[in-house]
Amino acid sequence: MTITPPASEAAEAQPLMQAAGIVKDFPGLRALDDVSLRVQGGEIVALVGHNGSGKSTLVKILAGVYTADQGSVEFDGVGDQAARLHIIHQDLGLVAELSTVENLGLGAVPGVHGFAPTRGRAERSHALSLIARFGEAFDIGIPVGRLAPAQRAIVAIARALDGWVHPRNVLILDEPSEALHASEVDVLFSAMRRVAADGAGVVFISHRLDEVLEIADRVVVLRDGRVVADVAGAGLDHDALVEFVTGASAEESVAPVRTLQRGEQMVDIRGLSGVGVRRIDIGIRAGEVVGVAGVLGSGRDILPSLVFGSLPSTAERFDIAGHEYSARSPGESVRRGLAFVPGDRVRFGGIRSMSARENITLPDLRAVTGPFGSIRVRAELRLSHDLLDRYDVRPARVEQAFAQFSGGNQQKIVFAKWLRNDPRVLILEEPTQGVDIGAKQAIYAEIDGAAQRGAAVLVCSSDAKELVRLCDRVIVMRDGVAVAELTGAQLTETDLVRHGYGLADSVSPSTNPRTARDGEHR
Ligand SMILES: Nc1ncnc2c1ncn2[C@@H]1O[C@H](COP(=O)(O)OP(=O)(O)OP(=O)(O)O)[C@@H](O)[C@H]1O
């Protein structure tokens with residue numbers, strides 16, 4: 001591969017970045033096949049494609065992390081004026097143990113040198129000013145590992161925008177909006193538009209096709225490592241985009257009619273409190289799917305960890321299947337038939353160095369353990385193969401390390417590992433984060449199936465459409481407390497968002513495209 005600064009003449013007409021004819025092979029797999037990508041200044045280009053289609057691999061080649069086997073990448077300009085690439089990867093690249101200030105302060109702070117006594121204060125106010133662009137207030141002194149996913153995304157974006165020498169750069173965002181709620185996405189999009197208006201090129205990777213249609217000037221679609229479309233965003237409709245991504249026509253996501261009568265009270269929690277959550281009541285019967293909605297900081301993203309016992313909590317009553325459960329911990333929760341698919345799959349979802357097979361069987365080895373405690377390898381292999389098939393994990397290689405699967409395929413493996421034991425209580429946080437449109441339908445079907453088999457399901461999601469599609473009832477949280485519970489005809493995307501923001505009477509459904517599609521799926 002060559003990275004060539006082109007001649008500076010006619011810089012305006014030159015793309016800021018041009019990748020041409022990129023080929024990348026991994027052992028036994030061609031991840032990219034003759035892929036080209038051009039980005040002009042001022043342009044927002046969406047890069048979309050199913051899980052494993054090659055998006056992250058292309059980004060890593062542009063960044064020089066991987067070397068392409070064939071092809072070239074060129075940046076406009078020379079010397080200091082050469083366009084540079086700033087990338088926010090799926091895992092954000094932050095140091096979890098360091099604070100926002102320290103993560104942002106990893107580079108030099110303008111106007112601050114050496115060990116000047118004002119350095120700490122200057123770094124803090126510089127960090128605050130960077131974060132303020134996103135209209136988001138949170139504690140910039142605590143380790144970023146303790147921030148919510150959306151807050152971490154904001155830190156990563158602020159860091160990427162910090163210290164640009166000139167605006168003619170390319171900013172790549174690899175699925176930045178997956179855990180963001182509608183208003184947070186709006187903030188992110190206005191930041192992206194501002195960056196583009198200043199002359200930068202922006203590449204936006206997302207599985208949320210409605211968002212792609214909202215923001216993109218141009219859409220490039222990868223399928224199985226090849227570019228299958230490179231088209232203007234204007235005039236492109238949702239169905240056409242789905243067809244490009246999947247190679248098949250768009251399927252309506254229709255909620256099935258669950259025939260199971262609601263069973264026993266499986267979850268009976270009163271007055272649950274913990275960090276950022278106050279006195280929440282949650283009752284879920286066997287066969288019922290209950291959702292939790294709310295904006296960033298509402299407590300929506302903390303609640304699942306409190307219920308599973310991975311964060312400390314207090315409660316007036318905490319009964320599972322009619323039995324009091326007071327000394328809560330993740331291990332004890334698994335023994336009592338609770339399963340938790342966390343939103344943050346990089347930190348909690350799977351063990352990166354272990355294979356898909358080992359990750360899948362880890363939570364419960366009983367089905368694959370022989371009489372003397374040894375692992376029955378054939379049974380373990382059969383189980384893993386079946387699950388990779390069922391969840392359409394690509395490639396369906398049970399021995400491949402978890403870290404070597406694409407982000408969405410990692411999510412499918414995490415899902416398979418927890419659902420295989422038919423849990424009594426299934427707790428899901430952002431269950432389809434980073435998952436492509438086909439796998440999303442498969443995961444919805446698995447959630448429906450788990451409820452149909454009698455599981456009590458709790459789904460915490462930033463995606464209002466997803467909650468409307470999946471849930472019988474949704475609790476809306478704001479500032480750590482439950483402010484509404486919506487069910488039946490009241491359970492619409494607009495009402496979820498209205499209650500989530502405390503705008504119950506003032507939001508028009510047409511003000512936000514992400515909330516204007518009520519009733520499509522029920
Ligand atoms: N280091 C690696 N070793 C082997 N195979 C890899 C490696 N990295 C990626 N792959 C494979 O290359 C293909 C493309 O993966 P990539 O991560 O680029 O997909 P993606 O389009 O970003 O997917 P997602 O939407 O799920 O993030 C996948 O089949 C993946 O398993």
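Ligands are counted one by one from 1 in listed order, and the atoms in each one are counted from 1 as well.
Taking a 4.0 Å cut-off on heavy atoms, P395 registers as neighbouring ligand 1. Contact analysis puts H207 in contact with ligand 1, with a non-hydrogen atom separation below 4.0 angstrom. The closest approach between any non-hydrogen atom of Q400 and ligand 1 is below 4.0 Å.
Remark: among candidates F405, F26, Y66, the nearest residue to atom 9 (C) of ligand 1 is F26, based on non-hydrogen atoms.
A salt bridge is absent between R300 and E429; no separation between the charged side-chain nitrogens and carboxylate oxygens falls under 4.0 Å. One finds a salt bridge joining D230 and R218 here, because a Lys/Arg side-chain nitrogen approaches an Asp/Glu carboxylate oxygen to under 4.0 Å. With respect to E214 and R208, no salt bridge is recorded, no charged nitrogen being found less than 4.0 Å from a carboxylate O. Salt-bridge annotation for D224 and R226: absent, with no side-chain N of the basic residue lying under 4.0 Å from a carboxylate O of the acidic one. With respect to R453 and D448, no salt bridge is recorded, no charged nitrogen being found less than 4.0 Å from a carboxylate O.
For ligand 1, none of its N or O atoms has an N or O atom of R394 under 3.5 Å away. Below 3.5 Å of separation, one finds an N or O of G52 facing an N or O of ligand 1.
Side-chain atoms of W418 do not come within 3.5 Å of backbone N or O of A339 as any donor-acceptor pair. No donor-acceptor pair closer than 3.5 Å links the side chain of K24 to the backbone N or O of D69.
Neither the backbone nor the side chain of D174 has any atom closer than 4.0 Å to an atom of ligand 1 (non-hydrogen atoms only). Contacts between A31 and ligand 1 below 4.0 angstrom, taking non-hydrogen atoms only, involve the side chain exclusively.
Under a 4.0 Å criterion applied to the non-hydrogen atoms of T57, ligand 1 contributes the atoms 14 (C), 15 (O), 16 (P), 18 (O). Here is the list of ligand 1 atoms found below 4.0 Å of a heavy atom in L29: 11 (C), 12 (O), 13 (C), 29 (O). For ligand 1 and H50, the ligand atoms under 4.0 Å from any heavy atom of the residue are 21 (O). Atoms of ligand 1 lying under 4.0 Å from any heavy atom of G54, numbered from 1 in the order shown and given with element: 14 (C), 18 (O), 19 (O), 20 (P), 21 (O). Applying the 4.0 Å criterion to heavy atoms of E175 picks out, from ligand 1, the atoms 25 (O), 27 (O).
Partners of D25 by salt bridge (Lys or Arg N to Asp or Glu O under 4.0 Å), not counting sequence neighbours, listed by chain and number: R30.
Using a 4.5 Å cut-off on side-chain heavy atoms (C-beta onward), R420 and D386 make no contact.
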